[in-house]
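These notes are about the structure you will find just below.
Residue numbers count from 1 along this sequence. Just so you know, these numbers come straight off a predicted model, no measurement behind them.
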Amino acid sequence: FPVTICITWNEVYALSDRLENYLVDISYVTISGFSGYIGVGKGFDLISTNETPVPTIVEVGRVVISSTGEYDWQLQQPSFSLYPLYGIASSTQGVVVVGENASIFYSENASNWVSGSISGTPITTTIRSVAYGNGTFIAVGDKTGTGANDPGLILKSTDGLTWTQESNSTITTNNLTQVYFNANDSVFYIVGDNQTILETFVGSTFSDLTNLQMNEPYYTVQGNDFLYGYGPEELVAGVTYDNLSMFVKSAPGARIVTGK
């Protein structure tokens, strides 16, 4: 008998502010002072005080939390981040959110947040994503500069508060957009521009898995005169041939069978 699966979505929360707001990442976390959902993004606040000649609209980070994921969502106000937030990850001890201007914030209860510190040369790069695994946080983001040899941002931390820069042009010079921890293999995967794929276990040594090469195919059908005289009623069946190059990485014990 055919089975139809229907999914119904119900709106349980909406930011009531008339100004635009965006939520770009969400995660369920279980930390010492909070269990539930945390969503991050960006929005706009209207600033109007006795010292402000006219109302001013400023961009800020947004954080919403919920214990159940249903009708108990709360927007944390005032915003603790002056910059949009793009990623969230947690250990069993605390949660980390990251965003523009190299913003990193850490909390053990999802209510009180402190700013993380990054060692090395000061950076203002946007951090796009963060993940946790193997006792380590890994965060990735845009290139650290505008030069062709400037590396994509890679940060590492064991506590979520103190971060070291692992960025190096020998690893990648591309913007990095996402990091994901595969718990089954205990490995981090990082992806970015120009088909970049990196693999790391603890964020110190990286393997470049970027072997996907794509070239636009070019075919000639019915000879060069096809563009100058054949109409749809005059087309005839034909065959075109192409060559395929492939890189295959196999696991120990794997069997690869090829054929035509």
Side-chain angles (χ1 to χ4, degrees), residues 22-27 40-42 59 61 81 83-90 96-105 115-158 160 162-218 244-251:
Y22 307 88
L23 296 176
V24 297
D25 197 11
I26 189 172
S27 179
V40 298
K42 68 176 181 179
E59 191 175 45
S81 174
Y83 301 97
L85 301 170
Y86 296 127
I88 178 173
S90 65
V96 169
V97 297
V98 298
E100 287 187 8
N101 199 46
S103 299
I104 301 177
F105 296 94
S115 180
S117 61
I118 303 174
S119 63
T121 304
I123 56 173
T124 57
T125 302
T126 294
I127 306 175
R128 298 288 179 185
S129 177
V130 62
Y132 178 81
N134 293 341
T136 303
F137 286 97
I138 300 290
V140 301
D142 294 349
K143 289 164 61 76
T144 58
T146 58
N149 294 323
D150 289 324
L153 181 66
I154 301 176
L155 303 173
K156 181 177 75 171
S157 174
T158 56
T162 304
W163 295 76
T164 59
Q165 297 189 46
E166 302 295 328
S167 312
N168 194 300
S169 58
T170 61
I171 300 174
T172 183
T173 56
N174 292 308
N175 294 320
L176 300 174
T177 56
Q178 188 77 33
V179 55
Y180 169 77
F181 179 70
N182 182 351
N184 292 330
D185 298 328
S186 294
V187 63
F188 291 92
Y189 290 101
I190 300 170
V191 296
D193 290 357
N194 298 314
Q195 306 158 14
T196 299
I197 305 175
L198 304 174
E199 178 187 67
T200 182
F201 289 92
V202 293
S204 296
T205 58
F206 296 82
S207 299
D208 188 352
L209 307 182
T210 309
N211 291 293
L212 180 62
Q213 298 180 2
M214 300 178 63
N215 295 317
E216 291 292 331
Y218 178 82
L244 175 65
S245 298
M246 180 181 295
F247 175 86
V248 179
K249 180 180 179 181
S250 62

side-chain contact (heavy atoms from CB on, under 4.5 Å) between Ser117 and Trp163, worked out: CA-CA 6 Å; Ser117 61; Trp163 295 76; 5.9 Å; no
Counterpart residues, ring-ring contact (aromatic ring centres under 6.0 Å, His included), relative to Phe181 (two or more places apart): Phe188
By ring-ring contact (aromatic ring centres under 6.0 Å, His included) - contacts of Tyr83 (at least two apart): none
Separation of Leu176 CG from Ile197 CD1 (nearest 0.5 Å): 12.0 Å
Check: Asn182 side chain, Asn184 main-chain N or O, donor-acceptor pair, under 3.5 Å: yes
Rounded distance [0.5 Å steps], CD1 in Ile118 versus NZ in Lys156: 14.5 Å
Heavy-atom pair of closest approach, residues Gly61 and Leu85: CA-CG, 4.2 Å
Interatomic spacing from CD1 in Ile190 to CG in Leu153 - rounded to 0.5 Å: 10.0 Å
Side-chain (Asp150) to main-chain (Gly147) donor-acceptor, under 3.5 angstrom: yes
Side-chain (Ser157) to main-chain (Thr162) donor-acceptor, under 3.5 angstrom: yes
Closest contact, heavy atoms only, Lys42 versus Pro84: CB-CB, 3.4 Å
Residues Val179, Ile154; criterion side-chain contact (heavy atoms from CB on, under 4.5 Å); working and verdict: CA-CA 10 Å; Val179 55; Ile154 301 176; over 6 Å; no
Thr126 side chain reached by Asn101 side chain, heavy atoms, under 4.5 Å: no
From Thr170 atom OG1 to Phe206 atom CZ, the distance as rounded to the nearest 0.5 Å: 10.0 Å
Thr200 side chain to Thr205 backbone, donor-acceptor under 3.5 Å: yes
Smallest separation among heavy atoms of Thr125 and Gly141, with atom names: CG2-C, 4.5 Å
Atom pair OH/OG of Tyr86 and Ser103 - distance to nearest 0.5 Å: 10.0 Å
Check: Leu209 and Leu198 side chains under 4.5 Å, non-hydrogen atoms: no
Gln165 side chain to Ser119 backbone, donor-acceptor under 3.5 Å: yes
Nearest atoms (heavy-atom pairs only) where Pro151 meets Ser167: CG-CB, 3.9 Å
Worked check of side-chain contact (heavy atoms from CB on, under 4.5 Å) between Thr196 and Val191: CA-CA 5 Å; Thr196 299; Val191 296; over 6 Å; no
side-chain contact (heavy atoms from CB on, under 4.5 Å) between Arg128 and Asp142, worked out: CA-CA 7 Å; Arg128 298 288 179 185; Asp142 294 349; 3.1 Å; yes
For Val140 against Thr177, the heavy-atom pair lying closest together: CG2-C, 4.4 Å
Side-chain donor-acceptor contact under 3.5 Å, Thr210 with Asp208: yes
With sequence neighbours excluded, residues passing side chain to side chain donor-acceptor pair (under 3.5 Å) with Asp25: none
Pairwise distance OH(Tyr132) to OG(Ser27) - rounded to 0.5 angstrom: 13.5 Å
Ring centre gap for Tyr189 and Tyr180 strictly below 6.0 Å: no
Member of Asn174, Asn175, Thr173, Thr172 meeting the side-chain hydrogen bond (donor to acceptor under 3.5 Å, both in side chains) criterion with Asp193: Asn175
Smallest separation among heavy atoms of Ser129 and Gln178, with atom names: OG-NE2, 3.3 Å
